[in-house]
Amino acid sequence: MPQQVAVITGAGAGIGRATARTLARAGCDIALVGRNRDRLNDAAAELQALNVRTHIACADVADAAALDAAAEEIEQALGPITIWVNCAGAGVRGQLAAITPDEIRRATEVTYLGTVNGTRSALLRMRRRSYGTIVNLVALAGLRPPPLQSIENGARAAIRTFSESLRPELLHDGDRIHIALVHLPSINTPHFSWTRNHTGKRLKPMGPVYEPEIAAEAICRAAFGKYRDIWVGTSGIKSWVISTFLPGLSDRWLSKGGYAKQMEKVAVEGNEPDDLFGTVAGAYAAHGRFDMITRKGVPPLLTSRHAQVGTAIAAAGFALMLAVRCRRRG
């Protein structure tokens with residue numbers, strides 16, 4: 001196996017920064033991609049004690065040409081890229097009528113097109129060797145998307161279907177390039193502090209909240225385990241059951257509880273800075289301000305292999321039930 005060179009977008013803070021540490025501990029050389037050079041320098045400094053090579057590339061993931069140039073620069077500095085993790089994203093929260101067309105376009109460009117651009121940049125280089133893994137992030141809450149997040153939820157849903165559509169293309173061409181999806185619950189990152197906010201209240205995570213190191217561990221397993229999907233935690237199971245069998249009830253519940261569960265009682269003071277169109281100054285790292293409410297235990301990481309076993313058990317149980325009924329009728 002060649003030396004592992006991992007590229008991480010959005011590596012200056014949040015999940016990207018935690019992922020850089022986790023993959024570096026696994027022995028990968030790390031390329032840190034982002035817009036804020038100061039935070040990328042801080043992230044690289046954290047990796048010095050791990051005796052891995054690092055390279056910093058400043059680029060906006062929404063700019064495909066800039067990301068391509070960064071990928072070429074990384075391969076010249078570190079060697080062939082074998083892992084690419086798309087962690088970069090930008091959000092805007094609020095009711096759709098309050099969000100401007102420019103905000104919608106920009107948030108979609110960074111989150112969705114940024115992932116598409118990163119995936120394409122990785123593929124163009126991995127196909128030279130027909131080897132590599134690309135990890136994309138989607139929201140576990142997408143099983144029943146909450147209100148006020150329509151733009152981000154739309155982008156994450158698009159990432160999922162984009163990735164699933166790409167897999168058969170790679171099989172058709174015989175490439176040994178793996179696309180993995182990591183389905184995430186709420187993660188305690190600075191994202192809630194610098195999201196463009198039209199609610200009038202400070203934002204907070206909804207549902208069970210986990211530390212970014214949990215997400216990073218799932219990403220690392222996806223990168224090395226060749227899983228199709230990894231689900232972090234089980235918080236999406238209840239929402240899936242309700243939305244499948246009682247969709248009207250789910251809508252009514254979200255119309256009431258979905259608002260309060262995403263907002264603190266503290267009002268936003270003035271025009272707080274956000275990272276939608278430019279970076280936010282400050283020494284942000286992996287964690288956000290919600291350390292006190294995060295779950296300290298390690299949640300289950302359910303993989304696509306677990307899903308296959310679960311589906312097989314459910315199918316066997318259904319077949320057994322039908323057989324019993326047929327025998328009783330006979």
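Nothing here was measured: the structure is a model prediction, and the numbers come from that model.
Side chain of Arg17 to main chain of Ala11: no donor-acceptor pair is present (N/O by atom type, distance under 3.5 Å, no hydrogens or angles). Looking at Arg228, its side chain never comes within 3.5 Å of a backbone N or O of Leu181 through a donor-acceptor pair. Looking only at distances, no side-chain donor or acceptor of Ser165 sits under 3.5 Å from a matching main-chain atom of Thr161. With hydrogens and angles disregarded, a donor-acceptor distance shorter than 3.5 Å links the side chain of Glu103 to the backbone of Thr100. His178 places a side-chain N or O within 3.5 Å of a backbone atom of Tyr227 that can act as its donor or acceptor partner. Judged by distance alone, the side chain of Ser130 and the main-chain N or O of Asp175 form no donor-acceptor pair under 3.5 Å. With hydrogens and angles ignored, the 3.5 Å screen pairs a side-chain donor or acceptor of Gln262 with a backbone N or O of Pro147. Side chain of Arg35 to main chain of Asp275: a donor-acceptor pair is present (N/O by atom type, distance under 3.5 Å, no hydrogens or angles).
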Pair up each side-chain donor or acceptor in residues 199-207 with any protein partner under 3.5 Å, not counting sequence neighbours, and list the distances.
{"residue": "Thr199", "atom": "OG1", "partner": "Asn197", "partner atom": "OD1", "Å": "2.7"}
{"residue": "Thr199", "atom": "OG1", "partner": "Lys201", "partner atom": "N", "Å": "3.2"}
{"residue": "Thr199", "atom": "OG1", "partner": "Lys201", "partner atom": "O", "Å": "3.0"}

Asp173 vs Arg127, side-chain contact (heavy atoms from CB on, under 4.5 Å): CA-CA, chis, key distance, verdict: CA-CA 10 Å; Asp173 292 345; Arg127 273 187 160 167; 2.9 Å; yes

Test side-chain hydrogen bond (donor to acceptor under 3.5 Å, both in side chains) applied to Gln95 and His198, step by step: CA-CA 8 Å; Gln95 292 187 328; His198 291 286; over 6 Å; no

Test side-chain hydrogen bond (donor to acceptor under 3.5 Å, both in side chains) applied to Thr294 and Asn188, step by step: CA-CA 7 Å; Thr294 55; Asn188 174 31; 5.2 Å; no

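With respect to Glu75 and Arg129, a salt bridge is recorded, a charged nitrogen being found less than 4.0 Å from a carboxylate O. Between Arg128 and Glu72, at least one side-chain nitrogen of the basic residue sits less than 4.0 Å from a carboxylate oxygen of the acidic one, meeting the salt-bridge criterion.
Using a 4.5 Å heavy-atom threshold, the side chains of Phe162 and Thr119 count as touching. For the pair Ile74/Val33, a side-chain contact is recorded, criterion being any heavy-atom separation below 4.5 Å from C-beta on. At least one side-chain heavy atom of Arg196 sits under 4.5 Å from a side-chain heavy atom of Phe277.
Counting only residues at least two apart or on different chains, the side-chain hydrogen bond (donor to acceptor under 3.5 Å, both in side chains) pairs with a member in residues 47-71 are Asp29-Arg53, His55-Glu73, Asp60-Arg106, Asp68-Arg120, Asp68-Ser121, Asp68-Arg125.
Note on ring orientation: taking the six-membered ring where Trp is involved, the planes of Trp231 and His183 are parallel (angle under 30°, cut-offs 30° and 60°).
The number of heavy-atom neighbours closer than 6.0 Å to NZ of Lys296, taken from other residues, nucleotides and ligands shown, is above 12.
For the pairing with Glu46, the salt bridge (Lys or Arg N to Asp or Glu O under 4.0 Å) check across Arg21, Arg25, Arg39 returns one residue only, Arg21.
Thr115 and Asn136 share no side-chain donor-acceptor pair at under 3.5 Å.
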